[in-house]
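To start, the structure under review is shown below, and the notes come after it.
Quick note on labels: first sequence line is chain A, next is B, and so on, each numbered from 1.
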There are 2 protein chains.
Amino acid sequence: MNETASIEIGLNAAIVSVREGQPNVLVTREGDKWDALPYGPFTPLDHRTLDIGLRNWVREQTGLELGYVEQLYTFGDRGRHAQRGDAGPHVMSVGYLALIGEEPQLELKGASFGRWYAYLPWEDWRAGKPDILVSEIEPRLKQWAERCEVDETRVAALTRPERLRICFALGGGADWDEEKVLERYELLYEAGLVAEARRDGRSAAKQWDDLPQLGRPMQFDHRRILSTAISRLRGKLKYRPVVFEMMPETFTLFELQKTVEAVSGHHLHKQNFRRLVENGGLVEPTGDVSTETGGRPAKLFRFRRDVLLERPSLGVRMKAGRI
Amino acid sequence: MNETASIEIGLNAAIVSVREGQPNVLVTREGDKWDALPYGPFTPLDHRTLDIGLRNWVREQTGLELGYVEQLYTFGDRGRHAQRGDAGPHVMSVGYLALIGEEPQLELKGASFGRWYAYLPWEDWRAGKPDILVSEIEPRLKQWAERCEVDETRVAALTRPERLRICFALGGGADWDEEKVLERYELLYEAGLVAEARRDGRSAAKQWDDLPQLGRPMQFDHRRILSTAISRLRGKLKYRPVVFEMMPETFTLFELQKTVEAVSGHHLHKQNFRRLVENGGLVEPTGDVSTETGGRPAKLFRFRRDVLLERPSLGVRMKAGRI
DNA sequence: CTAGATATACTCTGATTGAGTATATAGGGG
DNA sequence: CCCCTATATACTCAATCAGAGTATATCTAG
């Protein structure tokens, strides 16, 4: 009965970088199959900790030397591998977020960097509210909320309209919260609006005719892991200086701003961003300037590693600015 | 080689409650053995998700019905079970935090609620800086920092004095950060100052003569899990209304403040706390008053569940107030 | 009735934030 | 060369909020 022998532990990594204002994640792609996050088994006999195991197989598979690494979440779902039936070993999967500063040549064939917002297009508000929300997602979500059967089995659970209000700012009252990436994906899955829900045979998915593809799907629950990673990163941005893990050694303030905008998914007020970053003591000027910006040359800055010692916590905390 | 058959997955829970101004955690105690967090194996064949598995064995073992539950961290260390040698199965452990509003009768024999600050006395700053820090911990940490061998193997790692400054606010520059509970415990472990380090045969532990017991030790790495739970909870307190998970249905504002202080470990400014909580729309008066407070009767309040719908995030965010 | 204890209300000041305007310095076209 | 445009950088202003303190209200004990 208690067949622990059939458990296998895997490590999934969302390896993130920002290039030219686009946040990317490392994916593998083969044939017609959906994209997948890189994956490696955890062998406790070879590696003392999960972190070490992760760094090792990433190095072996891709040649990448990871810097910042953070554990996200452990999934033990039986439903995870619905595709391959319930016969195989039960896989526990530990999700990780890793940040890298530059995208190197990859040794892993089939691996490349894919854009976050190709997978989750509704999360990119930098140029205003995404069209796909207005034209495709919101009307269907409203339908789904109205069709609310009495299936709210959980005690004190929220109703469907309430959940729409919280997650998608539908129905007034609440604003769009850029940190609720995971909640939104899971709601879309539950409503049967993402391809993974159809793949997994979720009943809600059968209700939709002529449903366009809402974002590029991924294998297994990898789009959920990516959503978890983005949620965590967007949150952390506000109280820890993690942006700099994704920056080159020197950079202009506008490049820094573009990176923050890429990750957080919304536009920021330029002057206030400068004030915050400079007054916060997060950066120091190198003395050089960059003339590649077009107009007046921009001063180059570097991250002041000392802040990690001075302040208990410090990030690029600021609210969304209007476009 | 790849002996996955020897892996076993366990769920450890830090089940937290606050009573009479003291934050507690559910522990089991038998004979002379150190206290332990309740533990249950995860059997994927019986339970669909880790969360369900956790709730199930907690219900079965203790009769407790958990409300708020949050995954903390997954440990895969080989060193975890050093006590029993390296021969047994390799246990992966998923740590959980659970909050309960009231402490019920426990069906589990040997189980009881133990006070956080019995295990981690240096974390309770409500009555000012704890004596144990000044008299026992700080002098030894300074010694440890001076003895700094060139063992900083990790790239770009911080020096020992730098780490003391960050974690323990030693050496000036930084303030005590109440969220760094885990970092502090791990540093104490590394310096050999907690009983678990001696138990595990850490070399640093052998340097100390007449070392008093710094906080009650726990079995395995359970004090580390408890530290993780407290870190997470103290952080979350500031931006999510989780305090109310630990409150009865109705309460006075002072009781609420006492609970926040118990968890965060420091004293708050009473008037400002009121202003924040009331203006934030977190609570609503019930109309009744409580005369059990001694002086003027205190209005009773209840948590406004609606805030979960209105605000994207909202907590009891405030800095430490002087005594 | 008074002292002591607690709850509640209000004030003041400085810091932070959101938003906007003004100035500086480059390249390119006429 | 000068003007235009694009970008970077500097400064202003009002609203809000956080920290700290003072004043008032209402109970119980004696």
TODO: For nucleotides 24-30 of chain C, just jot down a letter per nucleotide in 5' to 3' order: B, S or -, based on protein non-hydrogen atoms under 4.0 Å.
DONE: BBS----
Open item on the list: Going by the rule side chain to side chain contact (heavy atoms under 4.5 Å, CB included), which residues pair with A:Glu284 if we only count those two or more places apart in sequence or in a different chain?
Closed with: A:Arg302, A:Arg304
Separation of [X] atom [atom1] from [N] atom [atom2], in whole Å?
{"X": "A:His267", "N": "C:dA19", "atom1": "NE2", "atom2": "C1'", "result": "13 Å"}
{"X": "B:Arg274", "N": "D:dA18", "atom1": "CZ", "atom2": "P", "result": "17 Å"}
{"X": "A:Leu268", "N": "C:dA19", "atom1": "CG", "atom2": "P", "result": "11 Å"}
{"X": "A:Phe251", "N": "D:dA8", "atom1": "CZ", "atom2": "P", "result": "14 Å"}
{"X": "A:Asn279", "N": "D:dC11", "atom1": "CG", "atom2": "P", "result": "11 Å"}
{"X": "B:Glu278", "N": "C:dC10", "atom1": "CD", "atom2": "C1'", "result": "13 Å"}
{"X": "B:Lys270", "N": "D:dT24", "atom1": "NZ", "atom2": "C1'", "result": "14 Å"}
{"X": "A:His269", "N": "D:dT12", "atom1": "NE2", "atom2": "C1'", "result": "12 Å"}

Task: Closest nucleotide among D:dA20, C:dT8, C:dA9 to the B:Asn272 side chain - done: D:dA20
Task: A:Arg275 side chain, from C-beta outward: closest of D:dT12, D:dA8, C:dA7 - done: D:dT12
Open item on the list: Rounded at 0.5 Å granularity, tell me how far CH2 in A:Trp125 sits from CG in A:Leu133.
Closed with: 6.0 Å
Open item on the list: So if I apply the side-chain contact (heavy atoms from CB on, under 4.5 Å) rule between A:Glu123 and each of A:Arg234, A:His266, A:Lys180, A:Glu178, which one comes out positive?
Closed with: A:Arg234
Quick one: do [X] and [Y] make a salt bridge, cutoff under 4.0 Å?
{"X": "B:Glu261", "Y": "B:Lys258", "result": "yes"}
{"X": "A:Arg305", "Y": "B:Glu162", "result": "no"}
{"X": "B:Lys129", "Y": "B:Glu138", "result": "yes"}

TODO: Answer with yes or no whether A:Gln271 presents, from its side chain, a donor or acceptor under 3.5 Å of a partner atom in the base of C:dT21.
DONE: yes
Open item on the list: Please check if the number of heavy atoms outside B:Glu278 that lie under 6.0 Å from its CD is greater than 12.
Closed with: yes
Open item on the list: What's A:Lys299 touching, base or sugar-phosphate or nothing? Going by heavy atoms closer than 4.0 Å.
Closed with: sugar-phosphate
